[in-house]
Amino acid sequence: MKKIKNLAEGKFLMLLFGFFTAAFAIAAVCMPDRSTMFSGLWNILTSTAKISTNYFSVGGYAGTFLNMALVALSSMVLFLVFKGTPNNVSTLAFLLTLGFGSWGINVLNIWPTVLGVILYGLIKREKLGSLVNAMLFSTGIAPLISELLLRYPSTEYIGFNWAGLGLALGVGLLIGFFLPAGLAHSPKVHKGFDLYSAALPIGMTAFLLNATLFNTMGLKVDDLSASGSMAVASQMTVNIFCGIVFGLCVIFAFVLGCRPKDYWQLLKDPALVTNFSSTYGNATFLMNVGVFGLFILGYYNLIGASFNGVTFGIIFCMLATCNSGSHPANVLPIMLGYAAASLVCGWLAPLTGGNFTLTINAQAICVGLCYANGLSPIADKYGWRYGFIAAVLHYLLVTSVPKLHGGFCLYNGGFTAALICMMLVPELERFFRTKEERKARRLQKQV
């Protein structure tokens, strides 16, 4: 265990990725519907995937877990083949891609954009190992690839065809080729306050392509799956799986030597820490994976969310920031902001004659909260009140943003978070002091 505790960051993260991959593969063969595992996977591969598509309904539980295991394995293979060294950003990219394996990404629709990033690396003569994170982030537009492959330009399902294959591959190559430039520029736009930084270039690309390929051409396809499909859910399956996986992370963290005071130090650190595994060590970082995962799971149980494939996936999408700055302490104000916004809007809507549907446990709001989590740096730097305000603004916008990109951007909430940063951060910088500045001012007054 001492060897594991002292592993280099990259090797430890690869070990963690392997743990998640194995967990999903084992779960797939343990599901009651395992006899339909491969036919379920085929159904997932041959279905369109616009947000929000519930893979529990499309391919069953075993098929969904198998797809997630294969997506995770593919992500690991990219690191191994191109000799990439995982870091905190890789944790974000891996867990995001894994999480979407239950509601938008499959082991087929990831490859055109990944090949586009590889093409970029070959032409620009950059090491492909340094571009693996970009390869994984490029999959955030995977629903568009499935749409082009299986349906476009028809509004009805066509299935695999040569024209669709050529179009999906060509568009995917273009997206992947230009994405690295967008990824490099994105932090300058939101100034590091959106942990889902890749969402901005992916969202803008989806916005452009939805306008070009669909709206301008007068094509209209359904934005959502049949509403009844979202009812296919299992609270027991999700709770047992996540409880075991996150519980084991906590146990392993203790075995590796993490003490409660070590994790407490992480929770109360006033600094804007962006890399927990290198700052606090492997054991304390792993504790955050387990505790934060259980915290997220507990929240969705508390509000009465429907545990379908979408909810299952967003648990891991939200967990993705566990190595980039998020933990229960700085995410709690965001959760409270969402709850408050839901209560106030629910009270005001009848007064205006509106039909209020965005309750705190509504599917769209559950998904939105997942990515509002990416605004936790605001709570870290300015204080919980401002994290609360950012969450309220995110709640108000997140369900309207899909109209821009047509449901093709899986990073919808992260894209919304970037928009919130563009509006809110300049005002914070101009009119308010950071926590450190307020602390320094108090000390100065005492002198």
Side-chain angles (χ1 to χ4, degrees), residues 44-55 58 71 96-97 99-106 108-117 134-158 164-165 167-179 182-183 186 196 198-225 309-310 313-314 317 363-364 367-368 370-371 397-419:
I44 289 172
L45 298 181
T46 55
S47 74
T48 54
K50 294 181 74 174
I51 60 169
S52 300
T53 301
N54 177 13
Y55 281 176
V58 175
V71 167
L96 266 179
T97 308
F100 285 120
S102 65
W103 64 294
I105 283 177
N106 61 55
L108 176 63
N109 64 14
I110 61 176
W111 296 110
T113 56
V114 168
L115 292 174
V117 178
M135 295 176 198
L136 297 183
F137 285 134
S138 75
T139 64
I141 204 169
L144 177 62
I145 302 302
S146 288
E147 193 75 25
L148 298 176
L149 180 63
L150 300 170
R151 185 157 59 174
Y152 190 84
S154 173
T155 58
E156 303 297 328
Y157 178 81
I158 298 174
L165 177 61
L167 186 60
L169 185 59
V171 172
L173 287 173
L174 282 173
I175 293 171
F177 184 81
F178 291 108
L179 179 63
L183 291 175
S186 181
Y196 297 104
L200 184 57
I202 290 290
M204 292 304 296
T205 301
F207 181 18
L208 172 65
L209 292 175
N210 179 53
T212 304
L213 296 172
F214 292 89
N215 295 343
T216 304
M217 300 300 167
L219 296 174
K220 176 68 176 177
V221 294
D222 292 336
D223 291 335
L224 300 174
S225 305
V310 179
I314 60 178
C317 292
Q363 189 67 58
V367 175
C370 163
Y371 297 98
L397 290 187
V398 72
T399 57
S400 298
V401 172
K403 296 176 183 178
L404 297 177
H405 55 71
F408 295 123
C409 174
L410 290 173
Y411 299 162
N412 176 70
F415 182 49
T416 307
L419 298 179

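Heavy-atom basis, side chains included; hydrogens, waters and symmetry copies ignored.
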As an exercise, state the distance from CD1 of Ile44 to CG of Leu108, rounded to the nearest 0.5 Å.
12.0 Å

Nearest heavy-atom pair of Trp103 and Ile314: which atoms, and what distance?
CZ2-CG2, 3.6 Å

Using side-chain heavy atoms (C-beta onward) and a distance below 4.5 Å, is Tyr157 in contact with Thr46?
yes

Separation between CG of Leu96 and OH of Tyr196, rounded to the nearest 0.5 Å
6.0 Å

Give me the atom names and distance for the closest heavy-atom approach of Leu410 to Ile105.
CD1-CG1, 3.6 Å

What distance do Leu397 atom CG and Leu419 atom CG have between them, rounded to the nearest 0.5 Å?
7.0 Å

Applying side-chain contact (heavy atoms from CB on, under 4.5 Å), run through Tyr55 and Thr53 and close with a yes or a no.
CA-CA 6 Å; Tyr55 281 176; Thr53 301; 3.9 Å; yes

With sequence neighbours excluded, residues passing side chain to side chain donor-acceptor pair (under 3.5 Å) with Tyr411
none

Nearest heavy-atom contact between Ala134 and Leu183 is CB-CD1, 3.6 Å

Of the non-hydrogen atoms in Ile110 and Asn106, which two are nearest, and what is the gap between them?
CG2-O, 3.3 Å

Among all residues two or more places apart in sequence or in another chain, which pass the side chain to side chain donor-acceptor pair (under 3.5 Å) test with Thr139?
none

The side chain to side chain donor-acceptor pair (under 3.5 Å) partners of Asn412 (sequence neighbours excluded) come to His405

OG-CG distance between Ser146 and Asn109, expressed to the nearest 0.5 angstrom
3.5 Å

Supply the atom-to-atom distance Glu147 CD to Asn210 CG, rounded to the nearest 0.5 angstrom.
9.5 Å

Please find the pair of heavy atoms, one from Arg151 and one from Ile158, that lie closest to each other, and give the distance.
O-CD1, 3.4 Å

Report yes if some heavy atom in the side chain of Leu219 is under 4.5 Å from a heavy atom in the side chain of Tyr152; otherwise report no.
yes

Measure the shortest side-chain to side-chain distance between Ser138 and Val114 over non-hydrogen atoms and say whether it is less than 4.5 angstrom.
yes

Any Leu115 side-chain heavy atom under 4.5 Å of Leu169 side chain:
yes

Validation row, ring centre Phe415 to ring centre Phe207 under 6.0 Å:
no

Mind checking whether Cys409 and Leu144 have side chains closer than 4.5 Å, heavy atoms only?
no

Sub-3.5 Å donor-acceptor pair from the side chain of Ser102 to the main-chain atoms of Gly99, do we have one?
yes

State, with a plain yes or no, whether a side-chain heavy atom of Val117 is found less than 4.5 Å away from one of Phe137.
no

Would you confirm whether Lys50, through its side chain, and Pro143, through its main-chain N or O, come within 3.5 Å as a donor-acceptor pair?
no

How about Val171 and Thr113: do any of their side-chain heavy atoms sit closer than 4.5 Å?
no

Side-chain heavy atoms of Leu165 within contact of Leu149, under 4.5 Å
yes

Quick one: closest heavy-atom pair of Val310 and Ser52, and the distance?
CG2-CB, 3.8 Å

